Amino acid sequence: MARKFFVGGNWKCNGTAEEVKKIVTTLNEAEVPSEDVVEVVVSPPFVFLTLVKSLLRSDFHVAAQNCWVRKGGAFTGEISAEMLVNLGIPWVIIGHSERRALLNESNEFVGDKVAYAVSQGVKVIACIGETLEQREPGSTPIAEKVTNWENVVLAYEPVWAIGTGKVATPAQAQEVHCELRKWLNDNVNSEVAASTRIIYGGSVNGANCNELAAQPDVDGFLVGGASLKISDVLSFIVPL
Ligand code: G3H
């Protein structure tokens, strides 16, 4: 089954309302391939989610950068999957390495979050670690807890490549993505392995994205810094 190319822009904890509007205007004015060919999702900080959703073209979609592991309640500072559904936010990023490292999010916690978000009808960009030793225990709780893989995109992000300008070579990215697909085949099933998008994140920019996208198991990108640059913001939308 052909996998639709997926481009995610993770704006992390950046931007003002004015800056966000400028990026959205650039995206809105662009001539891009149809959403049947490329799925484009931007992920602003929580406070800009509704602004971006209200301004963004209807063929692009919005993702939150996190959500709580269960139904909401007395969890100060958190937002729930139910709230995302209520606001019409279809996607969430879960398990980003910055949250794993800075906020001690464990593999189990991330697995529970992915499963809960999916159970509420929110689609998940699930980020997993860099080495084989990290990827397997990172993927196992997700594989054990998620039954509907249609709504999960896996993001492979080598920590040494995030925000450093040191991008994985296309061959390195392909090797890991291929290994992850084999892992899905062996630990979930062949259908999920064939259909799940595995995207790459780590210093992707307009200059290196085409070569990465040409790899058979690289199904898209999760772009950080360059997704905030007006000059680069459209260059990743590169269907093959
Ligand atoms: O979520 C995006 C990744 O952390 C990559 O960030 O493109 O700034 O390296 P970057």
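Just follow the structure's listing: the first ligand is 1, and inside any ligand the first atom is 1. For clarity, every value in this text was computed on a predicted model and none was experimentally measured. The residues of the chain are indexed from 1 along the displayed sequence.
- In this structure, E211 contributes its side chain and P170 its backbone to no donor-acceptor pair below 3.5 Å.
- Backbone and side-chain nitrogen or oxygen atoms of G202 are examined, and none is located within less than 3.5 angstrom of a nitrogen or oxygen of ligand 1.
- At least one heavy atom of A161 sits less than 4.0 Å from an atom of ligand 1.
- Open room surrounds NZ on K22; 12 or fewer heavy atoms of other groups in view lie less than 6.0 Å from it.
- Qualifying ring-ring contact (aromatic ring centres under 6.0 Å, His included) partners for F6, counting only residues two or more places apart in sequence or in other chains: W91.
- Test V32, V41, V42 against F60 for side-chain contact (heavy atoms from CB on, under 4.5 Å) and you get one pass: V32.
- The closest protein non-hydrogen atom to atom 9 (O) of ligand 1 is G163 N, 2.6 Å.
- Side-chain atoms of E39 do not come within 3.5 Å of backbone N or O of F5 as any donor-acceptor pair.
- For N107, the side chain to side chain contact (heavy atoms under 4.5 Å, CB included) partners are R100, P137, P141, not counting sequence neighbours.
- At least one N or O atom of G225 sits closer than 3.5 Å to an N or O atom of ligand 1.
- Between N66 and K113, the side chains place a donor N or O and an acceptor N or O closer than 3.5 Å (distance only, hydrogens not considered).
- Close approach of ligand 1 to N10 (heavy-atom distance below 4.0 Å) involves ligand atoms 1 (O), 2 (C).
- Residue G224 places at least one N or O, backbone or side chain, under 3.5 Å from an N or O of ligand 1.
- Looking at ligand 1, you'll find an N or O of K12 within less than 3.5 Å of one of its N or O atoms.
- Closest heavy-atom approach to atom 3 (C) of ligand 1 within the set Q65, E157, E98, K166: this belongs to E157.
- Contacts between I162 and ligand 1 below 4.0 angstrom, taking non-hydrogen atoms only, involve backbone and side chain alike.
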